Amino acid sequence: MKKICVYIIAVLLPMFPYAQTEDADQSLNSLYDSLYQYERRGDLNDGIRFAYQLLKESQNTDDRRLEGKISHTLSKLLYYNNLVDSSKALARSNIKYGEEIEDYDISINAANLLATFYFNESKYDSSEYYFKYCMEVSESYLPVRYPTSLVNMAFINGYRGQEEAEMTYYYKALRAVLAEPAFDSLGRVKAMAYGGIGDYYLRIKDYDKAKENFEAKLALGYEKNDKRMIFEAGFGLSTIYRLPENFDFEKSDKYLKIMLTDTTKEFGEYRGRALINLGKLYRDAKKYDQALKYLGDAYKVFDEGDGNDAFSRVEIEMGEVFLALGQIEKAEYWLKNGLNNAVAGKLALREKEALYTLYKIDSIKSDYKASLIKYQRLRAIQDSLFTEESAEKLSALQVEYETQKSERENLVLKSELALSEADLEKQKLIQWIITAAIVLAFFAIIILIRIYRRKQASNLQLASQNALITTQKEELSFKTDKLELVNSQLQSLAEFRTDLTQMIAHDMKNPLNSIIGISSIDPNDKHFKNITQSGYQLLNLVTNMLEVEKFQATDYVPKAVPTPLDQIILESRKRVEILLEAKSIRFESLIPKLICVNVDPEPIKRVFVNLISNAIKYSPTEGKIIVDKLKVVDNNIWIKVIDQGAGISPDRLPHVFEKFWQTNAKESGFAASTGLGLTFCKMTVEAHGGKIWAESEIGKGTSIFLTLPLETSQTCEKALAELNENVGVNHENEEVLIAPNELAELVEHAEFLRNLKIHQVSAINRILNSLEKKGIQSKWQTKLQATIYQADQDKYDELLKYLLEFNSNNS
């Protein structure tokens, strides 16, 4: 309703004549306040129409200052509504208007506005020009605004890397307000100087001095009860503690969250910036979920009035977080949005940030053409900030400034002369002639100087480029020779490593076979059994090394014979039994007994030894490992080995079968590794015509899949029959397995053993070990232990039945 009333007043205003000029001025001042509300609310189209109406009416009054204020507000509204050229033209007109009426507040406001516009468009030379104008005008005509103009000059020089000039202006500003405290009654100049000096010391990594200045600004903010000072000082302090060399998560987090305490719209920009920086902080701390939450909150805080820059910053940071998470597609989506907003807003620095990360993503995706295009755009943006064209534009602006300065001096001179009307007109004509002559002469000199300098610079640049090409050619020749030498040395080193590996492996193999042979004399002795299994482990590692080198040097052809698959699994498990017991890991083989595969038995056993060893290595204590048959496809059996380890991340999973590659999961402390186990598995399985691959998820373990050729001929049936004859238990011809004095202890555990399955090895072994400690060493225990290693449930049940029947017959 208020908006409608103001609009009606603006439309009806020309229809009513003003009774008095003073009343008209008061009415326009009141309406100007309403125009200011349009600016604050962002009602741009209505505000522009209203401003033009007020501007027209103000020209009929004597209040020329009001006319300048209305024109200044109109200039801002036009810029915010993307009518950039009209806005800038009006602002330049306002500069001259302020000079004509000698109201330098109007000129300085317009120049500051232009400086801000050009800064947002990354045209830093033009921005510096208008800030410099404000400084010189305020120094001469409006000293109260001189300290503020100094800190603006310091800011723009710091942004352009001119640090000596930056610090000079900041300290000038501090001296100015110390000399005239009334010029900075609110403390804002000191606050800007403290902040700028703190930023400088932050850039040169003098963190103590940076902290001192930011804390001074923070204290000043609390003294003046100025939230802007407090928030800006908080940003500076949080940045100090967010840097890698000075990282303190809690302190940085504390200072940023100061900005979140105020939820009013007035400080929405600070809250949004704080949320963006919290997103960066939590990303650096690898707390990605919380980082995404803060960035999402920042996206909600900003609205259309905040422009492209705010959204571009959030979107680029969202892309960085998703890239850190390895989610390339999401990262690319957010970065492209950030790039589009940066281009739409002509934000060169934001565009450069987005292009840099997108260039990295294209490199990761091996899209080198797209990567090159983005890199070229990136370089073009960097070079555009300090081009010859920029220097020429600065010279043209300098000429315009000198002309305007001459005009101001003439106007001041005219106002101070107390001459007659005739003399004044004559003097005025002379001044214009002199001014025109000076301007023409100045332009002529500038043109000649520029032509000479350009020719001189061109000659110097050509000579420099020729010298650079010669130097680069010599460096390239030297680096080529050096690279050839290094390549030759690396090749010799690789051949030496290969020869040394094979020599050591061959020399280790015979002693290991001797150790295994000697320790196999008494298979029932636990210590001998441990030595045998450890020998098999080391022999497996050595064999992996030899076989991998052999596979690479020759074409390996397996000597395939029909072999029972469950027997391969059983013998493989026996070789790692000591590792299973050490970590109390349950091993389950779900492979049916009546399955044969057409393979070279010994290499395939080593494949399963490697897979089970890896599963043990990365499984937790008292975990479980399962070997399972999945299905039969095209006369190939699919087998899966499952563990309960920590899992492998998606970016590392494709490399697990590469030579000498090892995951960074926590080691068990029992399993040795050369980084060749899975490489050997891949080469062996593929030599049999099969495939092997891995699937994993962090926190949910790893599964290794492999396929082997199935054998269904009569030869397989014969192999299975021979196996059953060799491992059968015949109670009829067997001696008495249990001594009477051992019977009671064995029967005490019989019921518990009946409830266990053959794959529950650790639980069964704990009972047998407890009996052994009590001195019970019956042949029945030895037989039961053998059935565990053979994974034969039927024999296990038969031995328990024998125990119960023996007890019944002797009771």
Side-chain angles (χ1 to χ4, degrees), residues 540 543-544 547 551 556-576 580 586-616 619 624-644 653 656-657 677-696 701-727 757-759 761 789-794:
N540 188 62
T543 307
N544 284 345
E547 292 294 341
F551 283 4
Y556 164 65
V557 179
K559 299 177 182 179
V561 295
T563 309
L565 180 57
D566 65 323
Q567 187 65 20
I568 290 175
I569 304 298
L570 173 63
E571 293 184 22
S572 301
R573 192 201 65 184
K574 285 182 181 179
R575 296 184 187 181
V576 296
L580 290 166
R586 281 190 334 192
F587 179 87
E588 289 184 37
S589 175
L590 305 180
I591 302 296
K593 291 186 179 181
L594 302 179
I595 291 179
C596 281
V597 286
N598 191 31
V599 297
D600 193 341
E602 189 56 35
I604 295 298
K605 287 176 188 175
R606 289 205 304 277
V607 167
F608 281 98
V609 167
N610 284 329
L611 295 180
I612 297 169
S613 297
N614 265 10
I616 295 169
S619 291
K624 182 167 70 173
I625 298 170
I626 300 173
V627 180
D628 195 7
K629 168 199 169 187
L630 296 180
K631 56 184 175 180
V632 175
V633 179
D634 297 332
N635 210 34
N636 284 286
I637 183 169
W638 289 38
I639 306 161
K640 178 164 76 168
V641 179
I642 310 166
D643 68 42
Q644 295 177 332
L653 191 61
V656 295
F657 295 101
L678 291 178
T679 306
F680 169 80
C681 294
K682 178 177 173 63
M683 290 179 169
T684 304
V685 171
E686 289 178 350
H688 284 79
K691 296 187 295 183
I692 186 168
W693 67 96
E695 294 180 2
S696 184
T702 302
S703 297
I704 304 292
F705 299 82
L706 66 152
T707 66
L708 294 173
L710 198 62
E711 177 63 55
T712 58
S713 64
Q714 292 182 352
T715 309
C716 175
E717 295 176 1
K718 181 179 178 182
L720 289 169
E722 291 175 354
L723 176 65
N724 289 332
E725 288 176 4
N726 291 334
V727 299
K757 298 298 182 183
I758 194 68
H759 58 78
V761 177
Y789 292 142
Q790 295 166 2
D792 192 330
Q793 184 68 49
D794 293 338

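What you are looking at is a predicted structure, and each value in this text was computed from that prediction instead of being measured. Start at 1 with the first residue, then count along the sequence.
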Next item on the list: Give, for atom CD1 of Ile591 and atom CD1 of Ile568, the distance between the pair rounded to the nearest 0.5 Å.
Entry: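 Here the rounded value is 10.5 Å.
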Item checked: salt bridge (Lys or Arg N to Asp or Glu O under 4.0 Å) pairs, two or more places apart, involving residues 633-643 ->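 Checked against salt bridge (Lys or Arg N to Asp or Glu O under 4.0 Å) - neighbours excluded - no pair reaches residues 633-643.
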Item checked: Qualifying residue for side-chain hydrogen bond (donor to acceptor under 3.5 Å, both in side chains) with Glu571, from Gln567, Arg575, Arg573 ->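 For Glu571, the side-chain hydrogen bond (donor to acceptor under 3.5 Å, both in side chains) test succeeds with only one of Gln567, Arg575, Arg573, which is Gln567.
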Margin query: Measuring from atom SG of Cys596 to atom CG of Leu708, what distance do you get when rounded to the nearest 0.5 angstrom?
Written below: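 One gets 12.5 Å once the value is rounded to the nearest 0.5 Å.
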Check: Side-chain contact, heavy-atom cut-off 4.5 Å: Phe587 with Val576?
Finding: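 Side chain of Phe587 against side chain of Val576, heavy atoms only: no contact under 4.5 Å found.
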Check: Quick one: salt bridge (charged side-chain N to carboxylate O under 4.0 Å, His left out) partners of Glu686, sequence neighbours excluded?
Finding: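 With neighbours one apart ignored, the set is Lys682.
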Notebook entry, point to check: Which atom names give the shortest non-hydrogen contact between Ile625 and Ser619, and what distance separates them?
Noted result: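 That would be CG1-OG, 4.2 Å.
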Check: Who passes side-chain contact (heavy atoms from CB on, under 4.5 Å) against Asp794, sequence neighbours left out?
Finding: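 Result, side-chain contact (heavy atoms from CB on, under 4.5 Å) vs Asp794: Asp792.
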Check: side-chain contact (heavy atoms from CB on, under 4.5 Å) with Lys691: which residues, sequence neighbours excluded?
Finding: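 Lys691: side-chain contact (heavy atoms from CB on, under 4.5 Å) contacts with Trp693, Thr707.
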Next item on the list: Identify, with sequence neighbours excluded, every residue that meets side-chain contact (heavy atoms from CB on, under 4.5 Å) alongside Asp600.
Entry: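 Partners of Asp600 under the side-chain contact (heavy atoms from CB on, under 4.5 Å) test: Tyr556, Pro558, Lys559, Pro603, His688.
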Check: Roughly how far, to the nearest 0.5 Å, is CD1 of Ile637 from CD of Glu711?
Finding: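 Separation between the atoms: 12.5 Å.
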Check: Excluding sequence neighbours, so at least two apart, what forms side-chain contact (heavy atoms from CB on, under 4.5 Å) with Gln644?
Finding: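 For Gln644 the side-chain contact (heavy atoms from CB on, under 4.5 Å) partners, ignoring immediate neighbours, are Pro620, Lys624.
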Notebook entry, point to check: For the residue pair Asn610 and Cys681, what are the closest heavy atoms and their distance?
Noted result: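 Heavy atoms of Asn610 and Cys681 come nearest at CB-SG, 3.6 Å.
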Note to self: Nearest 0.5 angstrom please: Ile595 CD1 to Leu565 CG, how far?
What the structure shows: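 One gets 6.5 Å once the value is rounded to the nearest 0.5 Å.
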Checklist line | Nearest-0.5 Å distance, CD1 of residue Ile692 to OG1 of residue Thr684 | finding: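 Interatomic distance, Ile692 CD1 to Thr684 OG1, rounded to 0.5 Å: 9.0 Å.
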Margin query: Under a 3.5 Å distance rule, please check whether Ser703 uses its side chain to pair with a backbone N or O of Val641 as donor and acceptor.
Written below: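 Looks like no, no N/O pair under 3.5 Å.
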Check: When rounded to the nearest 0.5 angstrom, what distance separates CG in Asn598 from CD1 in Ile604?
Finding: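 Going from CG on Asn598 over to CD1 on Ile604, the span is 10.5 Å.
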Next item on the list: Identify the heavy atoms of Asp566 and Pro592 that sit nearest to each other, and give their distance.
Entry: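 Scanning both residues, the minimum pair turns out to be CB-O, 4.1 Å.
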Notebook entry, point to check: Can you find a pair of side-chain heavy atoms, one from Leu611 and one from Leu706, that are under 4.5 Å apart?
Noted result: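 They are in side-chain contact.
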Notebook entry, point to check: Of all heavy-atom pairs between Ser572 and Phe608, which one has the smallest distance, and what is that distance?
Noted result: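 In this case the closest contact between Ser572 and Phe608 is OG-CB, 3.5 Å.
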